[in-house]
Visitor: 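I'd like to ask some things about the structure below.
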Amino acid sequence: MKNIIITGASRGIGYELAKQHLALGNRVLTISRNEDKLAELKDFAQEGQYDFLGLDLTNFEEIVKVLDAVSTWDKVDILYNNAGLCINKPFAEMEEEDLLRSWQVNFMAPYRLIQVLLPKLDKTSHVVNVSTMGAVQGSVKFPGLSVYSSSKSATVNLTELLAEELKENGPRINAVALGAVQTEMLEEAFPGYIAPTQPNEMAAYLVDFGLNGWKYFNGKTQQASISTP
Ligand SMILES: NC(=O)c1ccc[n+]([C@@H]2O[C@H](COP(=O)([O-])OP(=O)(O)OC[C@H]3O[C@@H](n4cnc5c(N)ncnc54)[C@H](OP(=O)(O)O)[C@@H]3O)[C@@H](O)[C@H]2O)c1
């Protein structure tokens, strides 16, 4: 049984990711603001297998509560920094609040979460930062995503930096740059766009990558996309 933390599990890819890890018998802690949706995941869990924490990840100070929530765990095997905020707005209209919230959710929260969980992360732990193809240098870019993609690319850079700084004692830390997946985030940001990948399909890739990718990669960004070059 592996110990798994998943942020942003109240819907979309994170929800499917939690379901699939629970089906494998792993112990799962989920985090997001919508506690009612997180509570629904109990239906897929055995006694003692699942817990959730209602937390707004823009609140930097409160992120320390995650360490309390796993105080009885020997270690964290996989931390998925999956929560994300995607604002699609023209550059000229982007407001301070858009920048702040995006950088808090997409960059500062993963940063702080890795920091507070360090006592529970060892050489065989795996931090998976869920990013986007738009964060990959030289990839196709979309107008309107100046804040989203740049904040996500900072997390890609952080992945490389922490892999180096933490290499003696771990954890292994990698990013996955996703192409389009048919979730509410995509529907809200790009109404009418039909993605080639469903949330359960991307979650299956992330389950496998989380469990096995740390053996082969550290500080790398894997591209998981059949849509965006
Ligand atoms: N869908 C795509 O096409 C696509 C493509 C590339 C990358 N990605 C990345 O994949 C990840 C999952 O995306 P998705 O499409 O499944 O997104 P989604 O359906 O919008 O889900 C996002 C999750 O993040 C949580 N979240 C957002 N703000 C939060 C906050 N302040 N505090 C705590 N939790 C917060 C939401 O929970 P609450 O609202 O309950 O807090 C929700 O569970 C994201 O990092 C996204 O950037 C997605």
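For ligands, and for the atoms within them, numbers begin at 1 and follow the listed sequence. On a predicted model such as this, the values are computed, not experimentally measured, just so you know. Scope of the values below: all heavy atoms of this structure, side chains included, with no hydrogens, waters or symmetry mates.
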Visitor: Under 4.0 Å from ligand 1, counting heavy atoms only, is it the side chain of Ser131, its backbone, both or neither?
Guide: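 The part of Ser131 near ligand 1 is the backbone, not the side chain.
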Visitor: Check step by step if salt bridge (charged side-chain N to carboxylate O under 4.0 Å, His left out) holds for Arg11 and Glu188.
Guide: CA-CA 13 Å; Arg11 65 184 202 175; Glu188 287 160 10; 3.2 Å; yes
Visitor: Does any N/O atom on Val181 come nearer than 3.5 Å to any N/O atom on ligand 1?
Guide: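 Yes - when backbone and side-chain N and O of Val181 are compared with those of ligand 1, one distance drops under 3.5 Å.
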Visitor: N/O of Leu57 under 3.5 Å from N/O of ligand 1, yes or no?
Guide: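 Yes - when backbone and side-chain N and O of Leu57 are compared with those of ligand 1, one distance drops under 3.5 Å.
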Visitor: Would you give the length of the straight line joining atom CG of Leu121 to atom CD of Gln115, rounded to the nearest 0.5 angstrom?
Guide: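 The distance works out to 12.0 Å.
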Visitor: For Ser139 and Lys141, what are the C-alpha separation, side-chain angles and deciding distance, and is it a side-chain hydrogen bond (donor to acceptor under 3.5 Å, both in side chains)?
Guide: CA-CA 6 Å; Ser139 66; Lys141 298 293 184 286; 3.0 Å; yes
Visitor: Please list the nearest protein heavy atom to atom 12 (C) of ligand 1 with its residue and the distance rounded to 0.1 Å.
Guide: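 Atom 12 (C) of ligand 1 sits closest to the protein heavy atom Asn82 OD1, 3.2 Å.
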Visitor: Give the single entry among Arg11, Gln104, Met133, Glu184 that approaches atom 20 (O) of ligand 1 most closely by any heavy atom.
Guide: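 Considering heavy atoms of Arg11, Gln104, Met133, Glu184, the nearest to atom 20 (O) of ligand 1 sits in Arg11.
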Visitor: How far apart are the C-alpha atoms of Asn81 and Thr155, what are their side-chain angles, what is the distance that settles it, and do they pass the side chain to side chain contact (heavy atoms under 4.5 Å, CB included) test?
Guide: CA-CA 10 Å; Asn81 280 313; Thr155 308; 6.0 Å; no
Visitor: Atoms of ligand 1 less than 4.0 Å from Leu186 heavy atoms?
Guide: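 Taking each heavy atom of Leu186 in turn, ligand 1 has 3 (O) under 4.0 Å.
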Visitor: For ligand 1, which atoms, with element, lie under 4.0 Å from some heavy atom of Val130?
Guide: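 The atoms of ligand 1 under 4.0 Å from a heavy atom of Val130 are 9 (C), 10 (O), 11 (C), 45 (O).
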Visitor: Sort out for me which residue in Val76, Thr124, Leu118 forms a side-chain contact (heavy atoms from CB on, under 4.5 Å) with Pro171.
Guide: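 The option that passes is Leu118.
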Visitor: Under 3.5 Å, is there a donor on one side chain and an acceptor on the other for Ser71 and Asp68?
Guide: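 Their side chains do not contain a donor-acceptor pair, so the 3.5 Å distance test is not met.
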Visitor: Nearest protein heavy-atom contact for atom 6 (C) of ligand 1: which residue, which atom, what distance?
Guide: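 Protein heavy atom with the smallest distance to atom 6 (C) of ligand 1: Leu178 O, 3.4 Å.
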Visitor: Quick one: which ligand 1 atoms are inside 4.0 Å of a heavy atom on Ala180?
Guide: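 Result: 3 (O).
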Visitor: Counting only heavy atoms, tell me which of Ala109, Ala224, Gly84 gets closest to atom 22 (C) of ligand 1.
Guide: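 Among Ala109, Ala224, Gly84, the closest heavy atom to atom 22 (C) of ligand 1 comes from Gly84.
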Visitor: Using 0.5 Å steps for rounding, measure from the CD atom of Glu96 to the CG atom of Leu99.
Guide: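 One gets 8.0 Å once the value is rounded to the nearest 0.5 Å.
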Visitor: Could you tell me which atoms of ligand 1, counted from 1 in the order shown, lie closer than 4.0 angstrom to a heavy atom of Tyr148?
Guide: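 Near Tyr148, meaning under 4.0 Å from one of its heavy atoms, ligand 1 has 6 (C), 7 (C), 8 (N), 9 (C), 46 (C), 47 (O).
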Visitor: Give the atoms of ligand 1, by number and element, whose distance to some non-hydrogen atom of Asp56 is under 4.0 Å.
Guide: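 Counting atoms of ligand 1 from 1, those under 4.0 Å from Asp56 are 30 (C), 31 (N), 32 (N).
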Visitor: Under 3.5 Å, is there a donor-acceptor pair linking the side chains of Ser131 and Asn129?
Guide: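 Side-chain D/A pair, Ser131 to Asn129: absent.
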Visitor: Could you check whether the rings of His126 and Phe209 sit parallel, tilted or perpendicular, using 30° and 60° as the cut-offs?
Guide: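 Correct class here is tilted.
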Visitor: State whether the number of non-hydrogen atoms from other residues, nucleotides or ligands found under 6.0 Å of Lys2 atom NZ is greater than 12.
Guide: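 Atom NZ in Lys2 is not packed in, count stays at 12 or less.
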Visitor: Tell me: protein heavy atom nearest atom 42 (C) of ligand 1, and distance?
Guide: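 Of the protein heavy atoms, Ser10 OG, 3.5 Å lies nearest.
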Visitor: Could you check whether Thr30 and Tyr15, counting side-chain N and O atoms only, form a donor-acceptor pair closer than 3.5 Å?
Guide: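 Tyr15 vs Thr30: no donor-acceptor pair found between side chains.
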Visitor: Give the contacting part of Asn34 toward ligand 1: side chain, backbone, both or neither, where contact means a heavy-atom distance below 4.0 Å.
Guide: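 For Asn34, backbone and side-chain atoms both sit under 4.0 Å from ligand 1.
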Visitor: Check whether more than 12 heavy atoms from other residues, nucleotides or ligands sit under 6.0 Å from atom CZ of Phe60, and answer yes or no.
Guide: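 Atom CZ in Phe60 is crowded, with more than 12 foreign heavy atoms closer than 6.0 Å.
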Visitor: Walk me through it: do Leu178 and Val130 pass the test side chain to side chain contact (heavy atoms under 4.5 Å, CB included)?
Guide: CA-CA 7 Å; Leu178 310 188; Val130 179; 3.6 Å; yes
Visitor: Strictly under 4.0 Å, does any heavy atom of Ala9 approach an atom of ligand 1?
Guide: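 Yes; Ala9 lies near enough to ligand 1 that a heavy-atom distance drops under 4.0 Å.
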Visitor: So which bit of Thr183 gets within less than 4.0 Å of ligand 1, heavy atoms only: side chain, backbone, both or neither?
Guide: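 Side chain only.
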Visitor: Distance to 0.1 Å, residue and atom name: give those for the protein heavy atom nearest to atom 39 (O) of ligand 1.
Guide: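 Here the closest protein heavy atom is Arg33 NH2, 3.0 Å.
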Visitor: Heavy-atom contact under 4.0 Å between Val105 and ligand 1?
Guide: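 Checking ligand 1 against Val105, which is what was asked, there is a heavy-atom contact under 4.0 Å.
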Visitor: For the residue pair Ser151 and Asn106, confirm or rule out a side-chain donor-acceptor distance under 3.5 Å.
Guide: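 Their side chains do contain a donor-acceptor pair, which is all the 3.5 Å distance test asks for.
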Visitor: Any heavy atom of Leu55 closer to ligand 1 than 4.0 angstrom?
Guide: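 Right, Leu55 reaches ligand 1.
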Visitor: Check for me whether Gly179 has a heavy atom closer than 4.0 Å to any atom of ligand 1.
Guide: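 Yes, Gly179 has heavy atoms under 4.0 Å from ligand 1.
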Visitor: Do other residues, nucleotides or ligands put more than 12 heavy atoms under 6.0 Å from the OH atom of Tyr205?
Guide: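 Count over threshold, so yes.
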Visitor: Verify side chain to side chain contact (heavy atoms under 4.5 Å, CB included) between Ser32 and Lys37, making sure each step is shown before the conclusion.
Guide: CA-CA 9 Å; Ser32 66; Lys37 290 296 290 182; over 6 Å; no
Visitor: For ligand 1, which is the ligand I care about here, please tell me if Thr132 has any N or O atom under 3.5 Å from one of the ligand's N or O atoms.
Guide: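 Among all N and O atoms of Thr132, none is under 3.5 Å from an N or O of ligand 1.
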Visitor: Going by distance only, is there an N or O of Gly14 that falls short of 3.5 Å from an N or O of ligand 1?
Guide: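 N/O-N/O distance under 3.5 Å: no.
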Visitor: Around atom 16 (O) of ligand 1, find the nearest protein heavy atom and jot down its residue, atom name and distance.
Guide: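 The answer is Ile13 N, 2.8 Å.
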Visitor: Which residue holds the protein heavy atom closest to atom 25 (C) of ligand 1, what is that atom called, and what is the gap in Å?
Guide: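 Looking at atom 25 (C) of ligand 1, the protein heavy atom closest to it is Gly8 CA, 3.5 Å.
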Visitor: Nearest to atom 26 (N) of ligand 1, what protein heavy atom do you find, and at what distance?
Guide: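 Closest protein heavy atom to atom 26 (N) of ligand 1: Ala83 CB, 4.0 Å.
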Visitor: Judged by non-hydrogen atoms, does Ala195 sit under 4.0 Å from ligand 1?
Guide: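 No, that is not the case, since the closest heavy atom of the residue is not under 4.0 Å from the ligand.
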Visitor: Side chain, backbone, both or neither: which part of Gln182 has a heavy atom under 4.0 Å from ligand 1?
Guide: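 It is neither part, as no heavy atom is under 4.0 Å.
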Visitor: At a non-hydrogen distance cut-off of under 4.0 Å, which region of Tyr15 contacts ligand 1 (side chain, backbone, both, or neither)?
Guide: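 Under 4.0 Å from ligand 1, Tyr15 contributes no heavy atoms.
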